[in-house]
Peer 1: 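For reference, the structure I am asking about is given below.
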Amino acid sequence: MSDTVPNGYRATLVEQVQKYVPVLPAGEADSLRTLLTVGELSLAAVDLVSALVRGGVPVEPQDVPTLRWLLESVTLPPDTPADLVDRLTVA
């Protein structure tokens with residue numbers, strides 16, 4: 001599946017992944033890197049936010065709109081909760 005994404009989407013996603021991957025379990029971090037490598041950007045965005053929610057990882061307040069934009073800008077898997085970003089723990 002090839003994503004149609006807005007300008008700057010990949011760079012923004014990579015920036016967020018790089019910022020938060022050090023606090024995620026190794027398996028989730030590896031999975032995110034793989035999704036980025038193969039170009040599954042929407043899945044990487046969902047997996048990143050899901051991992052942050054699942055792990056209760058505090059995110060910086062200024063990152064919440066960015067993470068929301070990452071999810072709202074692409075077609076997400078149908079099982080993605082509509083309020084996923086609202087479930088984030090804000091630092």
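Residues take their numbers from the sequence shown, with the count starting at 1. Predicted model only: the values in this text are computed from it and were never measured.
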Peer 1: Among Val74, Leu70, Leu13, find the one that has a side-chain contact (heavy atoms from CB on, under 4.5 Å) with Leu41.
Peer 2: Leu13

Peer 1: Any side-chain heavy atom of Asp63 within less than 4.5 Å of one from Leu88?
Peer 2: no

Peer 1: For a quick test of reading the model, state the closest non-hydrogen atom pair linking Pro61 to Ala91 and the distance between them.
Peer 2: CG-O, 3.9 Å

Peer 1: With rounding to the nearest 0.5 Å, note down the distance linking CG in Leu76 to CG in Leu84.
Peer 2: 8.5 Å

Peer 1: Could you list all the side-chain hydrogen bond (donor to acceptor under 3.5 Å, both in side chains) pairs where at least one residue sits in residues 45-57, not counting sequence neighbours?
Peer 2: Glu28-Arg54

Peer 1: Could you check if a side-chain atom of Arg68 sits within less than 4.5 angstrom of a side-chain atom of Asp86, using non-hydrogen atoms only?
Peer 2: yes

Peer 1: Any side-chain heavy-atom pair from Leu48 and Leu24 closer than 4.5 angstrom?
Peer 2: yes

Peer 1: What's the shortest heavy-atom distance between Trp69 and Asn7, and which atoms?
Peer 2: CH2-O, 4.3 Å

Peer 1: Do the non-hydrogen side-chain atoms of Thr89 and Val57 ever get within less than 4.5 Å of each other?
Peer 2: no

Peer 1: Using side-chain heavy atoms (C-beta onward) and a distance below 4.5 Å, is Thr80 in contact with Val49?
Peer 2: no

Peer 1: Check whether more than 12 heavy atoms from other residues, nucleotides or ligands sit under 6.0 Å from atom CG of Asp83, and answer yes or no.
Peer 2: yes

Peer 1: Could you tell me the separation between the CG atom of Leu43 and the OG1 atom of Thr75, rounded to the nearest 0.5 Å?
Peer 2: 11.0 Å

Peer 1: Return yes if some donor-acceptor pair links the side-chain N/O of Thr34 with the main-chain N/O of Asp30 below 3.5 Å, else return no.
Peer 2: yes

Peer 1: Drop me the distance from Leu67's CG to Tyr20's OH, to the nearest 0.5 angstrom.
Peer 2: 6.5 Å

